[in-house]
2 protein chains.
Amino acid sequence: MHQILRNTLSPGINLTDEQWAFVLSHYKPKITKRNEILLEKGKVSQYLYFVVKGCLRIFLIDDEGQEATRFLIFEGKFGTAFPSFILREPSVASIQSIEPSELLMISYNDYQMLMDTVPGWERLNHRGLQQDYIDAIVRIESLITMDAKERYDILMKRNPKMIQRLPGKIVADYLGISQETLSRLKARKDR
Amino acid sequence: MHQILRNTLSPGINLTDEQWAFVLSHYKPKITKRNEILLEKGKVSQYLYFVVKGCLRIFLIDDEGQEATRFLIFEGKFGTAFPSFILREPSVASIQSIEPSELLMISYNDYQMLMDTVPGWERLNHRGLQQDYIDAIVRIESLITMDAKERYDILMKRNPKMIQRLPGKIVADYLGISQETLSRLKARKDR
DNA sequence: AACGAAAGTTGACAAAAGTCAATAAAACGG
DNA sequence: CCGTTTTATTGACTTTTGTCAACTTTCGTT
């Protein structure tokens, strides 16, 4: 498992085998079951997760039980309830592993420690964050400029595996639409 | 002008006067007129701007002339067409100074150079980016979970100056709604 | 393999928001 | 300060999307 993480990160940083061993030793393996909750809302997010296999979902749930998916994290990506993890505040979002998954998790303290200790580690994380921020900007743009059908078409084009692999209700609340609307979008082939 | 930038950054970094002089020397002042375009879409964003006075708008414009505001940047904040600035690709967004403004601008090369040169500079920028990303996440959440009225109410509560200060059409396309809808939201005082 | 639960589909209707158009108000620039 | 241009408001109507409910299908679990 750690080898996959190393392969994912190594293009962005040059470390000795000793440094790699040190870094990787702080990522603890975790196996999850389908729909297992990793973080309940209201608690402070203590871990950043790397998905080796499976899929995580960062989601919101309101008083009426309505859910909305903030992010979906697939193989080879990192994720957590970011505002909570960084600001050390109770999370408004929960984290769930949608599928049985293999994860590597690092604690907040270790994460920060590596930044201060490992040369290039902060740069690597900074770069990753830049990409995450860019992805968020693109998502904001799709939400303010497109209707449901356009957003669905673009998701289908850019990330078809997400649609194939996940329950429609999750795709729907990731797109910010109802499950019924998504079902109708899929039905109509026209325009 | 540079003093304001120094005061804004100094809580996050400890530099000698010489280091400050070095950093600040790379921020060039720029005075803009109302509605002046700082970046046209299709060009690569070369500068990161710090707003000393006034307001910048990062916006999208489609083939039919429909505009959508990606971000608004007020006094004391940084902004640019971020994906273009970082990825060195043509920007899909344009940048405009909505009001006559006083800016400090730093080039991409100088920005990167400071990261490699000034101790603590990367950490400072990393922190700033974390907050920007968190703001983006909050905005995504408001877009996928709330209707127009709720988004308006929250903006009114958290950032009333934005509504007071800016033309309604810009507030509207920042919220992802039409100008007419915004006008009607303002009218109805109920629920 | 079969049962039960969860997810998906569809229809009917309601609510939200967009569009077009006319008018009123406000703001900019000389 | 005045005229021109932009912006805001309002009405009528359309389109999109949501909600509720019934029914079907799929999928997990034993």
Side-chain angles (χ1 to χ4, degrees), chain A residues 32-37 54-55 57 59 61-69 72 96-101 142-153 155-156 162-191, chain B residues 32-37 54-55 57 59 61-69 96-101 142-156 162-191:
Chain A
T32 65
K33 287 183 284 193
R34 180 182 139 82
N35 290 337
E36 182 172 334
I37 298 291
C55 175
R57 173 186 182 226
F59 69 104
I61 181 163
D62 70 14
D63 312 325
E64 290 97 44
Q66 279 279 22
E67 297 188 359
T69 295
L72 293 165
Q96 172 190 46
S97 81
I98 301 185
E99 306 170 354
S101 303
S142 78
L143 289 166
I144 59 177
T145 62
M146 299 174 190
D147 63 19
K149 174 69 168 149
E150 291 177 282
R151 297 207 294 280
Y152 174 76
D153 288 343
L155 184 65
M156 181 60 117
M162 187 186 292
I163 293 176
Q164 293 152 11
R165 183 168 164 181
L166 299 178
K169 66 177 303 191
I170 288 175
V171 174
D173 67 44
Y174 177 78
L175 290 170
I177 61 179
S178 70
Q179 187 181 174
E180 293 93 333
T181 296
L182 177 61
S183 188
R184 290 178 177 116
L185 291 180
K186 288 199 275 196
R188 77 173 152 120
K189 282 278 154 274
D190 58 314
R191 53 166 184 146
Chain B
T32 63
K33 288 183 283 192
R34 179 182 139 81
N35 289 338
E36 182 171 334
I37 297 292
C55 175
R57 173 185 182 226
F59 70 104
I61 181 164
D62 70 13
D63 312 324
E64 290 96 45
Q66 280 279 22
E67 297 188 359
T69 296
Q96 171 190 46
S97 82
I98 300 185
E99 306 170 353
S101 302
S142 78
L143 288 166
I144 59 178
T145 63
M146 300 174 189
D147 64 17
K149 173 69 168 149
E150 292 175 282
R151 296 207 295 278
Y152 174 76
D153 288 344
I154 287 196
L155 184 64
M156 182 60 117
M162 187 187 290
I163 293 175
Q164 293 150 13
R165 185 168 163 181
L166 299 178
K169 66 177 302 190
I170 288 175
V171 174
D173 67 44
Y174 177 78
L175 289 170
I177 61 180
S178 70
Q179 188 180 173
E180 294 92 330
T181 297
L182 177 60
S183 189
R184 290 180 177 112
L185 292 180
K186 289 200 276 196
R188 76 172 152 123
K189 281 279 154 272
D190 58 312
R191 53 168 183 151

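Residue numbering restarts at 1 for every chain, and letters A, B, ... go by the order of the sequence lines. We use all heavy atoms of the structure for the numbers below, so side chains are in, but hydrogens, waters and symmetry mates are not.
Atom-to-atom distance recorded for Asp147(A):CG and Leu185(A):CG is 8.5 Å, nearest 0.5 angstrom. Within the model, atoms OG1 of Thr69(A) and CD of Gln96(A) stand 8.0 Å from one another, a figure rounded to the nearest 0.5 Å. For the atom pair Thr145(A) OG1 and Glu150(A) CD, the distance stands at 7.0 Å (nearest 0.5 Å).
Here the P atom of nucleotide dG18(D) and the CG atom of Asp62(A) are 14 Å apart, to the nearest Å. Regarding Asn35(A), its CG atom lies at a distance of 10 Å from the C1' atom of dA6(C), rounded to whole Å. When rounded to the nearest whole Å, the span between CD of Glu150(B) and P of dA15(C) equals 16 Å. When rounded to the nearest whole Å, the span between CD of Glu180(A) and P of dA21(D) equals 12 Å. Between the CG atom of Leu182(A) and the C1' atom of dG8(C) there is a distance of 10 Å, given to the nearest Å. Rounded to whole Å, the distance from CD1 on Ile98(A) to C1' on dA7(C) is 14 Å. Rounded to a whole Å, the CZ atom of Arg188(A) is 12 Å from the P atom of dT15(D). Spacing between atom CE of Met146(A) and atom P of dT17(D) amounts to 13 Å, rounded to whole angstrom units.
DNA chain C is contacted by Gly176(B) of residues 165-176 of chain B, taking any non-hydrogen atom closer than 4.0 Å.
The residue among Arg184(A) and Ser183(B) whose nearest nucleotide of DNA chain D is located toward the 5' end is Ser183(B).
Taking only side-chain atoms of Arg34(B), from C-beta outward, the nucleotide of dT16(D), dG29(C), dA17(C) with the closest atom is dG29(C). Between dT17(D), dA8(D), dG18(C), one nucleotide has an atom nearer to the side chain of Ile177(B) than all others, and that is dG18(C). Ranking dG8(C), dT19(D), dG18(C) by closeness to the Ser178(A) side chain, first place goes to dT19(D).
Counting only residues at least two apart or on different chains, the salt bridge (Lys or Arg N to Asp or Glu O under 4.0 Å) pairs with a member in residues 162-181 of chain B are Arg57(B)-Asp173(B), Glu75(B)-Arg165(B), Glu99(B)-Arg165(B).
A search for side chain to side chain donor-acceptor pair (under 3.5 Å) contacts involving Ser142(A) returns nothing, not counting sequence neighbours.
Nearest heavy-atom pair, Val171(B) versus Leu155(B), reported as atom, atom and distance to 0.1 Å: CG1-CD2, 3.9 Å.
At distances below 3.5 Å, at least one donor-acceptor pair connects side-chain atoms of Ser97(B) with backbone N or O atoms of Lys33(B).
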